[in-house]
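Notes for the one structure printed next.
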Amino acid sequence: MIKPDATKKGHTGAILAQINAAGFRIVSMKMLHLSAEKAGEFYDIHRARPFFGELVEFMSSGPITAAILEKENAVEDFRKLIGATNPAQAEAGTIRKLYAASIGENAIHGSDSNENAAIEGDFFFSKLEQF
C-alpha cells in the first residue's frame with residue numbers, strides 16, 4: 001500500500017515504477033481514501049499501542065494506493081525493496097530511503113508474511129478484483 005504521505009507528494013508513479021522494475025507483477029490495484037473506521041479496522045492489530053490513534057488519523061488523511069503483488073518470494077523481496085520502517089536506517093535505493101520522511105510517514109506498507117498478505121489483499125479487494 002502506498003500511503004497518504006507518498007501520494008500527497010506525487011510519488012505514486014515513481015514507487016510503482018520501482019516495484020515493476022524489481023520484477024513484481026501487479027495482480028490488483030486501486031486508489032481509495034480510507035475512512036478512520038476502515039483504517040482502524042486494517043490496523044486493528046495495533047489497537048492497544050500508543051501510536052494507534054495517530055496511525056489511524058494519518059492513514060485516513062488522504063488517498064492510498066492498495067495493490068496485490070506477485071513474484072516468487074514476494075513478501076521477503078518486497079520487504080527488502082521497501083526498506084526499514086525508519087527511513088534513516090533504510091538502505092540506499094529502497095523505497096523508504098527515497099520517499100519516506102519519518103517512521104510515522106514512511107511512504108509504503110508491505111505485508112510481513114504470506115498469511116497476512118492474503119488477509120490484507122482480501123481486505124482491499126474482492127475475489128472478482130484479484131487477477
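Side-chain heavy atoms closer than 4.5 Å link hydrophobic residues (I, L, V, M, F, W, Y) into clusters, and following such links, possibly through other members, connects I82 to I26. Hydrophobic cluster membership differs between F125 and F78, with clusters built from Ile, Leu, Val, Met, Phe, Trp and Tyr side chains linked at under 4.5 angstrom. Note on F51 and M1: same hydrophobic cluster, where clusters join Ile, Leu, Val, Met, Phe, Trp and Tyr whose side-chain heavy atoms are under 4.5 Å apart, directly or indirectly.
Taking the ring centre of F123 as origin, the terminal cationic atom of K38 falls inside the region bounded by 6.0 Å and 45° from the ring axis.
Put simply, the side chain of M59 reaches to within 4.5 Å of the side chain of K3, judged on heavy atoms. No side-chain heavy atom of D5 sits under 4.5 Å from any side-chain heavy atom of Y99. At a threshold of 4.5 Å between non-hydrogen side-chain atoms, the residues I68 and F131 do not count as touching. Taking the side chain as every heavy atom from C-beta outward, M31 and P63 approach each other to under 4.5 Å. Side-chain atoms of S61 and P4, non-hydrogen and from C-beta on, do get closer than 4.5 Å to each other. Contact annotation: the side chain of I95 approaches that of I19 to within less than 4.5 Å [non-hydrogen atoms, C-beta and beyond]. Considering only heavy atoms from C-beta on, K127 comes within 4.5 Å of Q130 through its side chain. Two residues are said to be in side-chain contact when any heavy atoms from C-beta on lie closer than 4.5 Å; I2 and L16 meet this criterion.
K71 places a side-chain N or O within 3.5 Å of a backbone atom of A22 that can act as its donor or acceptor partner. No donor-acceptor pair under 3.5 Å is formed between the side chain of N116 and the backbone N or O of S113. A donor-acceptor pair under 3.5 Å is formed between the side chain of R96 and the backbone N or O of G83.
Listed by first and then second residue, the side chain to side chain donor-acceptor pair (under 3.5 Å) pairs that reach into residues 10-34 are R25-E70, K30-E129, sequence neighbours excluded.
Distance check: F58 CZ to L34 CG gives 11.0 Å after rounding to the nearest 0.5 Å. We find the CG-CD1 distance between L81 and I108 to be 7.0 Å, quoted to the nearest 0.5 Å.
Shortest non-hydrogen contact noted between A84 and A90 is N-CB, 3.7 Å. In terms of heavy-atom proximity, I64 sits nearest to T7 at CA-OG1, 4.2 Å. For L32 against A66, the heavy-atom pair with the smallest separation is CD2-CB, 4.1 Å. In plain terms, the two heavy atoms of A107 and A6 that are nearest each other are O-CB, 3.7 Å. What you find for A117 and S111 is that their closest heavy atoms are CA-OG, 3.3 Å.
Between H109 and F42, the distance separating the two ring centers is shorter than 6.0 angstrom. Under the 6.0 Å cut-off for aromatic ring centres, Y43 and F52 do not qualify, their centroids lying 6.0 Å or more apart.
A salt bridge links D44 with R47; the closest basic N to acidic carboxylate O contact falls under 4.0 Å.
Residues D77 and N73 bring no donor and acceptor atom of their side chains to less than 3.5 Å of each other.
Around atom CD of E41, more than 12 heavy atoms belonging to other residues, nucleotides or ligands sit under 6.0 Å away.
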